[in-house]
Colleague: 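Supplied in structure tokens, the structure appears directly below.
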Amino acid sequence: MTHEERPATIFNSTFVRPAKFYISGFTNIPHVKYFYVFMCFVYIMTVLGNSLLLSLIYLVKTLRTPKYMIVFNLALTDFCGSTALIPKLLDTFLFDRRYIVYEACLSKLMFFVLFFASLQSWTLVTMAFDRFIAICFPLRYHSIVTKSAIAAMLLFAWAFLLALVSFTVGLIDRLSFCRSLVVKSFFCDHNPVYRLACNDTSLNNIMAYVAFFVAICIPLVLIALTYVCISIALSRIALGEERLKASKTCTSHLILVAIFYLPLVGTNIASVATTSIHPNTRIINSTLTHTIPALLNPVIYSLKTEEVLNSIKKLCRTSMVNLTANK
């Protein structure tokens, strides 16, 4: 029996809900297990880096500022997003457990992976807002970028994206799957799943574009606009030394933006420009897009900064003093 012929749960003569989907993953790639071992290493380092950053911000009072509230949210998003995806990816392909129950496919994989990826995108927008105010309105920074203002922005992003992703994923539950049940991806990705349906998917297609527009396009445009304003503000700074110092504060954020958005935008442009992209190419790009930013974010943006390094040293000294006092 082929993957496409696996039994489905039939509710009536026109509606068919599959018991399971089959995740195809890569096709005809030699030594592919080395890639999954690499993913295991990525996950371990992601957990360690983001856990360290979360612990530091929680334990060190001097880091409880609006800026580090955003950093905390990004680290939490990276941690949760990687945990939702990579362990299941390793279980699926290293142990060849490619069948996934229909409900788990939609809830545990599709929903959480898409939700945390979207949240990461909007967290980068909040970071851009922080840099915009710091450079364009430095004298008003502390009155505008307050804890309550940042908390409101982050909570709105969580609530809005929760509703958007829930609605987008929930629409799949109205589809009938009476053809292939093979998902040509490395997880239950939205597009590969809904395109397997044999009834009308026009609403799902519309929501796929809406979700992409809201999660990727709007944040990217907002970030671009903030940096246009930042560039204008920097050009008006007379002293070159001050201009360089101000621009350095944006470098780390721009690197995060490039790492996150360039693979996504590149793949979509390639999809429009060419007739098709090989599934393996799309899977590799998608895998790295969902995993590598979470690994690099804490290193690039936070763990190498003077504030965080000083906090680590202070925490280590305090721990050593406590250990010595307890002896």
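Note that the coordinates shown come from a computational prediction; the quantities given were computed from them, not determined experimentally.
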Colleague: Out of curiosity, does M153 fall in the hydrophobic cluster containing V221 (side-chain heavy atoms, cut-off under 4.5 Å, transitive links)?
Modeller: no
Colleague: What I'd like to find out is whether the side chain of T46 reaches to under 4.5 Å of the side chain of F79, using heavy atoms alone.
Modeller: no
Colleague: Does one hydrophobic cluster hold both L161 and I218, with members joined at side-chain heavy-atom distances below 4.5 Å?
Modeller: yes
Colleague: Return yes if some donor-acceptor pair links the side-chain N/O of W122 with the main-chain N/O of V214 below 3.5 Å, else return no.
Modeller: yes
Colleague: Please report the closest heavy-atom contact between Q120 and L74, naming both atoms and the distance.
Modeller: CG-CD1, 3.8 Å
Colleague: Quick one: side-chain contact (heavy atoms from CB on, under 4.5 Å) partners of L162, sequence neighbours excluded?
Modeller: F111, F115, S166
Colleague: Taking the ring centre of each residue, are H290 and F116 less than 6.0 Å apart?
Modeller: no
Colleague: Please report the closest heavy-atom contact between P66 and T146, naming both atoms and the distance.
Modeller: CG-C, 3.7 Å
Colleague: Let me check something: do F95 and I44 share a hydrophobic cluster, defined by ILVMFWY side-chain heavy atoms less than 4.5 Å apart, either directly or through other members?
Modeller: yes
Colleague: Rounded to the nearest 0.5 Å, how far apart are OG of S185 and CD1 of I23?
Modeller: 7.0 Å
Colleague: Locate the shortest heavy-atom distance separating D78 from P293; write the atom from each residue and the value.
Modeller: OD2-O, 4.4 Å
Colleague: So, do F177 and F21 have ring centers that fall under 6.0 Å from each other?
Modeller: yes
Colleague: Can you tell me how far apart CG (L171) and CD1 (I206) are? Round to the nearest 0.5 Å.
Modeller: 10.0 Å
Colleague: Flag the pair F132 / Y227 as yes when their ring centroid distance falls below 6.0 Å, and as no otherwise.
Modeller: no
Colleague: If you define the side chain from C-beta out and look only at heavy atoms, does anything of Y22 sit under 4.5 Å from I100?
Modeller: no
Colleague: Once rounded to the nearest 0.5 Å, what's the spacing between atom SG of C105 and atom CG of D189?
Modeller: 9.5 Å
Colleague: Strictly by modelled atom types, are T123 and N73 linked by a side-chain donor-acceptor pair under 3.5 Å?
Modeller: yes
Colleague: Are the side chains of L89 and F187 in contact, using a 4.5 Å heavy-atom criterion?
Modeller: no
Colleague: Check for me whether the distance between the ring centres of F186 and F93 falls short of 6.0 Å.
Modeller: no
Colleague: Please answer whether the main-chain N or O of R64 pairs with a side-chain N or O of K147 as donor and acceptor at a distance below 3.5 Å.
Modeller: yes
Colleague: For K184, does the NZ atom have more than 12 heavy-atom neighbours from other residues, nucleotides or ligands under 6.0 Å away?
Modeller: no
Colleague: Working note: D173 + Y102, criterion side-chain contact (heavy atoms from CB on, under 4.5 Å); need CA distance, chi angles, decisive distance, verdict.
Modeller: CA-CA 10 Å; D173 208 37; Y102 174 85; 2.9 Å; yes
Colleague: Begin from the C-alpha positions of F160 and V165 and carry the test side-chain contact (heavy atoms from CB on, under 4.5 Å) through to its verdict.
Modeller: CA-CA 9 Å; F160 178 73; V165 176; over 6 Å; no
Colleague: For the atom pair CG (L256) and CG (L296), what is the distance rounded to the nearest 0.5 Å?
Modeller: 8.5 Å
Colleague: Please check: side-chain N/O of S24 versus main-chain N/O of V183, any donor-acceptor pairing under 3.5 Å?
Modeller: yes
Colleague: Show the nearest heavy-atom pair for residues P87 and S82, with the distance to one decimal.
Modeller: CD-O, 3.4 Å
Colleague: With no hydrogens and no angle check, is any side-chain donor or acceptor of T92 less than 3.5 Å from a backbone partner on R98?
Modeller: no
Colleague: Under a 4.5 Å cut-off applied to non-hydrogen side-chain atoms, are I300 and I259 in contact?
Modeller: yes
Colleague: So which heavy atom on N205 is nearest to which on Y194, and how close?
Modeller: OD1-OH, 2.7 Å
Colleague: Supply the atom-to-atom distance T126 OG1 to K67 NZ, rounded to the nearest 0.5 angstrom.
Modeller: 14.5 Å
Colleague: Would Y261 and L220 count as a side-chain contact (heavy atoms from CB on, under 4.5 Å) if you check the C-alpha gap in whole Å, the side-chain angles of each, and the deciding distance to 0.1 Å?
Modeller: CA-CA 8 Å; Y261 288 107; L220 194 55; 3.7 Å; yes
Colleague: Would you say V37 ends up clustered with I292 if hydrophobic residues are merged whenever their side chains have heavy atoms under 4.5 Å apart, either directly or through other cluster members?
Modeller: no
Colleague: Is there a donor-acceptor pair under 3.5 Å between the side chain of T226 and the backbone N or O of I223?
Modeller: yes
Colleague: So if you build clusters from Ile, Leu, Val, Met, Phe, Trp, Tyr with side-chain heavy-atom gaps below 4.5 Å, do L48 and V299 land together?
Modeller: no
Colleague: Under 4.5 Å between any side-chain heavy atoms of L52 and P298, yes or no?
Modeller: no
Colleague: Please tell me if the side chains of T287 and M39 come closer than 4.5 Å, counting only heavy atoms from C-beta onward.
Modeller: yes
Colleague: Are the side chain of T201 and the backbone of N204 linked by a donor-acceptor contact shorter than 3.5 Å?
Modeller: no
Colleague: Does a side-chain heavy-atom distance below 4.5 Å link M127 with V257?
Modeller: no
Colleague: Passes side-chain contact (heavy atoms from CB on, under 4.5 Å), I172 versus H190? Steps please.
Modeller: CA-CA 9 Å; I172 292 179; H190 182 255; 3.6 Å; yes
Colleague: Could you tell me whether the side chains of Y43 and T83 share a donor-acceptor contact shorter than 3.5 Å?
Modeller: yes
Colleague: Could you tell me whether a side-chain N or O of N50 sits under 3.5 Å from a main-chain N or O of A294, the two making a donor and an acceptor?
Modeller: yes
Colleague: Decide yes or no for N191 and R195: does some side-chain heavy atom of the first lie under 4.5 Å from some side-chain heavy atom of the second?
Modeller: yes
Colleague: Measure from the side-chain N and O atoms of S235 to the backbone N and O of I232, and report whether any donor-acceptor pair falls under 3.5 Å.
Modeller: yes
Colleague: Is it true that C198 and C178 have SG atoms closer together than 2.5 Å?
Modeller: yes
Colleague: Determine whether a donor-acceptor pair (N or O, by modelled atom type, separation under 3.5 Å) exists between the side chain of S143 and the backbone of R140.
Modeller: yes
Colleague: Could you tell me the separation between the CG atom of L53 and the OH atom of Y58, rounded to the nearest 0.5 Å?
Modeller: 15.5 Å
Colleague: Kindly give the heavy-atom pair with the smallest separation between L109 and A84, and that separation in Å.
Modeller: CD2-O, 3.7 Å
